[in-house]
Structures are given as structure tokens and as C-alpha cells.
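Since the structure comes first, as C-alpha cells, the remarks are kept for the end.
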Amino acid sequence: MEDSGKQVINFAAGPSKLPRAVLLQAQKELLDYKGLGISVLEMSHRSADFVKIINAAENDLRELLKIPENYKVIFLQGGGTGQFSAVPLNLIGLKEEKCADYVVTGAWSANAAKEAEKYGKVNIVHSKLDAYKTIPNPNSWNLNPNASYVYYCANETVHGVEFPFIPDTKGTVLVCDMSSSFLSKSVDVTKFGLIFAGAQKNIGCAGVTVVIIKEDLLGHALKECPIIFDYKMQESCNSLYNTPASYSIYIMGLVLQWIKNCGGAEAMEQNSAAKSKLIYDLIDGSNGFYVCLAASACRSRMNIPFRIGNVNGDTALETRFLDKAVKNNMISLKGHRSVGGIRISLYNAVTIEETQKLAHFMISFMKEHCV
């Protein structure tokens with residue numbers, strides 16, 4: 001199929017870059033999926049052909065993450081934000097007290113904690129942070145032994161803070177928003193009660209959210225829980241209680257196959273380490289021209305926010321950087337609207353070679369503007 005036209009390097013934080021091979025495969029099959037004469041876009045979700053697609057996606061995901069049989073995989077809609085509600089609606093009633101512990105290290109975990117307050121008592125396990133630059137020492141956390149679960153976000157995309165460890169919850173169910181680091185490295189699923197991840201960063205396009213949940217956590221939904229967010233109902237229907245995000249599941253399946261062909265989560269982890277090191281080394285060696293605010297011990301491998309010129313950012317310089325990047329066919333480098341500055345997102349589909357091109361551009365820009 002065609003592989004022509006303008007090509008840019010997309011450093012977007014999500015929806016983000018998809019592997020070229022996946023896009024070409026989707027293009028090839030768009031009008032006629034495997035000789036059926038129809039597109040996946042118009043395929044019945046009840047058909048045997050779509051059931052093969054969704055089952056293959058689940059099987060590949062199980063293989064890549066070595067998901068045990070006593071964990072269920074569900075494909076839902078509503079994004080990660082939908083799970084801010086779905087998690088407490090399904091799990092906060094695990095214990096009579098209806099309370100949950102939250103670790104708040106950035107914008108997304110803060111939003112999740114605020115949403116959970118609608119359904120029960122929320123305990124922020126540490127003192128409020130002045131800025132989202134670090135992860136509070138776990139020894140200082142005030143975990144509630146009566147909490148139904150402990151919640152954290154593995155990687156905060158806005159502020160570029162990533163957990164380098166899995167929290168020890170002293171036996172309480174651990175819930176993790178892995179949306180922006182999912183399948184960027186190997187993870188021991190058995191340490192978690194529930195993992196969720198929007199697909200649109202590392203494993204696909206917008207529309208589908210993966211939920212991995214331990215089987216014995218099903219069936220505890222509050223009566224207020226909408227049925228489409230009821231994990232037990234969705235799992236019992238193979239994620240087909242209602243019409244799913246069919247095409248998004250299909251694209252996710254193609255990306256999962258691509259990850260397998262590239263060497264699996266282990267290969268993604270090696271690439272991620274190499275890409276992020278390249279950029280952080282450049283920033284740290286820039287004598288303050290580029291400034292990263294996140295503490296070095298918890299810098300994100302996925303999202304690298306930084307300022308140019310000084311710690312608060314020189315607006316003129318940053319605008320010039322973004323404009324010149326576009327002229328060099330590098331897009332979506334603007335920082336989140338809430339914090340400004342620059343943000344580089346290095347998800348699985350971004351290659352080491354593309355990261356090197358960005359690094360070369362950053363070096364050139366620095367030389368041009370350093371006085």
C-alpha cells in the first residue's frame with residue numbers, strides 16, 4: 001500500500017504516534033478486511049470475525065504481560081478519566097468503611113482522587129505537595145488499614161513524574177493508572193489488584209481502555225455503578241455487553257502484534273531507557289539552557305517536560321523552538337496547557353533514530369541562541 005506524502009515525527013502526549021507498519025496494515029485492510037468484503041469499521045461486534053479480533057488482542061496482551069489466569073482483561077470505553085469513576089464505583093465498597101487511599105503526584109492522580117470523593121472517603125496518604133516534581137518518601141505515607149484500595153498513577157504525563165518502584169501497600173489492594181507507561185516495560189501483574197490504561201499512548205489509538213483486574217475483585221460494584229462500568233458484567237460478556245470501540249480494539253491488536261514482533265515489553269523497555277537518557281543527558285549538559293523540573297530520581301521515561309532559557313521559561317525562546325521544530329517536521333512539542341513550556345513524549349512508536357534527530361535539533365537550537 002501507499003507510503004507516500006509528508007512524514008513528520010510526532011512527539012504528542014496522546015493520542016500519539018502509531019508505528020508506521022501498523023498504519024500501513026490498517027490502510028491495506030481498511031476497505032476489505034481479510035477478504036470479507038467489508039471494513040472492520042462496519043463489522044458487527046457480534047460476528048465471529050470480530051470475536052476473533054478481540055480474543056486475539058486479549059491473548060497477545062496476556063502473553064506480553066504474562067497475565068495469570070486469575071486476572072481478567074476487559075476492554076472498555078470512557079478513557080482513563082472514565083476509570084477515575086469506575087474504580088471507586090467497583091472497588092470502594094470492598095470494605096464496609098468505603099474509603100480509599102490515594103497517592104497524588106500529578107494532575108491525573110489529583111483528578112482521580114477528586115472524582116473518588118463522590119463515592120466514599122478519600123485519604124491522601126501524604127502531605128500536599130507544593131509542586132509536582134517528586135514522589136513523597138513511602139516511609140512517610142499514612143496508609144489506612146481499612147482502605148478498600150491504594151491508588152496511584154505510574155506516570156504523570158503533565159509534570160513528567162514516574163514511579164521507579166511499585167508501592168508496598170501492606171496487603172491492601174493496589175490500583176494503578178498505567179495509561180502512559182503501559183507496555184513500555186515489563187511489570188509483575190500479580191502485585192496489583194487492578195491496572196487500567198488508555199490505549200492512545202503506547203498500544204493504540206483513542207477509544208479503548210484496558211482494565212486488568214484480579215478475579216476475586218469482581219462483583220463488588222456499588223448500586224449506583226452504571227452497568228457499562230460494571231467490571232463483572234463487562235467481563236462476563238467478553239467486553240461485549242454493549243457495542244465496544246471496535247476499530248480501536250482492532251488497531252490495538254495490530255500494535256500488540258507489532259510489540260511482539262519487536263521483542264516484547266523487554267525490547268520496549270530497552271528502547272525507552274535509551275531514548276529518555278539521550279534527552280535527559282542533553283538537558284543536564286546544557287548549562288541551564290534547558291531546564292527539567294522533575295527530580296532526577298523520578299523523571300519520566302515517557303514524557304519529558306522542560307523549560308528553555310531559565311527555570312520559568314523564556315516565552316520568546318520557547319515559541320521560536322516550537323516554530324523551528326515544525327519547520328524541521330517535528331510536531332506536538334508544546335507543553336500541557338496547564339504548565340506551558342516544552343514536552344517531549346517518547347512512547348513506544350517513537351524510534352531511537354527519531355529521538356536522535358530531535359536531540360540534534362535541540363543541540364543546534366541551543367548553539368544558535370546561547371549568548
Side-chain angles (χ1 to χ4, degrees), residues 8-17 80 104-111 128-135 153-164 177 179-181 184 200-202 272 275-347 350 354-371:
V8 300
I9 306 175
N10 181 9
F11 293 102
S16 56
K17 184 179 188 292
V104 176
T105 54
W108 299 117
S109 49
N111 288 350
K128 186 176 181 180
L129 301 176
D130 294 330
Y132 296 130
K133 298 178 182 179
T134 189
I135 294 168
C153 178
N155 180 74
E156 290 279 0
T157 61
V158 175
H159 297 90
V161 173
E162 182 175 11
F163 272 76
D177 173 1
S179 290
S180 51
S181 58
S184 69
Q200 70 274 14
K201 301 177 187 296
N202 277 311
S272 177
K275 290 182 294 185
S276 57
K277 184 178 187 302
L278 180 64
I279 300 300
Y280 282 124
D281 284 353
L282 193 162
I283 291 172
D284 292 341
S286 70
N287 293 317
F289 183 77
Y290 297 119
V291 183
C292 178
L293 300 179
S296 58
C298 57
R299 286 176 170 179
S300 170
R301 299 167 301 120
M302 299 286 98
N303 312 97
I304 305 178
F306 62 94
R307 305 309 299 249
I308 302 178
N310 57 65
V311 70
N312 295 312
D314 181 315
T315 303
L317 267 182
E318 290 176 346
T319 300
R320 206 171 301 149
F321 179 93
L322 293 169
D323 289 343
K324 196 155 189 178
V326 170
K327 291 177 182 177
N328 282 271
N329 295 321
M330 300 177 192
I331 66 169
S332 301
L333 286 163
K334 189 174 183 179
H336 190 272
R337 62 187 181 278
S338 65
V339 296
I342 312 297
R343 175 172 56 174
I344 302 167
S345 293
L346 299 174
Y347 297 127
V350 176
E354 289 169 335
T355 309
Q356 289 170 336
K357 288 181 180 178
L358 175 59
H360 291 152
F361 165 71
M362 290 175 67
I363 291 169
S364 174
F365 185 85
M366 178 173 60
K367 288 179 178 178
E368 183 181 342
H369 293 91
C370 272
V371 183

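Residues Ile308 and Arg320 have side chains not in contact (no heavy-atom distance under 4.5 Å, counting atoms from C-beta outward). You'll find the side chain of Lys275 reaches within 4.5 Å of the side chain of Val350, heavy atoms only. Leu346 has its side chain within reach of Thr355: a pair of non-hydrogen atoms, C-beta onward, lies under 4.5 Å apart. A 4.5 Å side-chain heavy-atom check between Lys133 and His159 finds every atom pair outside the cut-off. Here the side chains of Ile9 and Asn329 are not in contact, with every heavy-atom distance at 4.5 Å or above. Side-chain contact between Trp108 and Thr157 is present, with heavy atoms from C-beta onward closer than 4.5 Å. Val339 has its side chain out of reach of Tyr132: every pair of non-hydrogen atoms, C-beta onward, lies at least 4.5 Å apart. At a threshold of 4.5 Å between non-hydrogen side-chain atoms, the residues Phe306 and Val291 do not count as touching.
Scanning for side chain to side chain contact (heavy atoms under 4.5 Å, CB included) contacts around Ser345 gives Ala13, Asn303, Arg343, Tyr347, with sequence neighbours left out.
Across all non-hydrogen atoms, the minimal contact from Ser272 to Met302 is OG-CE, 3.2 Å. Between Val104 and Leu129, the shortest heavy-atom contact is O-CD1, 3.6 Å. Scanning both residues, Leu333 and Phe321, for their nearest heavy atoms gives CD1-CE2, 4.3 Å. The minimum heavy-atom distance linking Val158 with Ala107 is given by the pair CG2-CB, 4.2 Å. When all heavy atoms of Glu354 and Phe11 are compared, the pair lying nearest together is O-CZ, 3.9 Å. Taking all atoms of both residues into account, the shortest heavy-atom contact from Ala154 to Ser181 is CB-OG, 3.7 Å.
Ser184 and Asn202 share no donor-acceptor pair across their side chains, judged by distance under 3.5 Å alone. Gln200 and Ser16 form no side-chain donor-acceptor contact under 3.5 Å, judged by distance and modelled atom types alone.
Asp314 contributes a side-chain N or O that, together with a main-chain N or O of Ala316, makes up a donor-acceptor pair within less than 3.5 Å. Between the side chain of Tyr280 and the main chain of Ser300, a donor-acceptor pair closer than 3.5 Å is present. Between the Ser109 side chain and the Thr105 main chain, a donor and an acceptor come within less than 3.5 Å of each other. Judged by distance alone, the side chain of Tyr290 and the main-chain N or O of Asn310 form no donor-acceptor pair under 3.5 Å. A donor-acceptor pair is defined here as one N or O able to donate and one able to accept, closer than 3.5 Å; such a pair exists between the side chain of Glu162 and the backbone of Arg301.
Around the CG atom of Asn287, the shell of radius 6.0 Å holds no more than 12 heavy atoms that belong to other residues, nucleotides or ligands.
Here the CD1-CE distance, from Ile283 to Met366, works out to 10.5 Å after rounding to the nearest 0.5 Å. Atom NZ of Lys277 and atom CD1 of Ile279 lie 11.5 Å apart (nearest 0.5 Å). Distance check, rounded to the nearest 0.5 Å: NZ of Lys17 to OG of Ser332 gives 12.5 Å.
Between Asp284 and Arg299, at least one side-chain nitrogen of the basic residue sits less than 4.0 Å from a carboxylate oxygen of the acidic one, meeting the salt-bridge criterion.
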Using salt bridge (charged side-chain N to carboxylate O under 4.0 Å, His left out), reason through Lys334 and Glu318 one step at a time and then give a plain yes or no. CA-CA 9 Å; Lys334 189 174 183 179; Glu318 290 176 346; over 6 Å; no
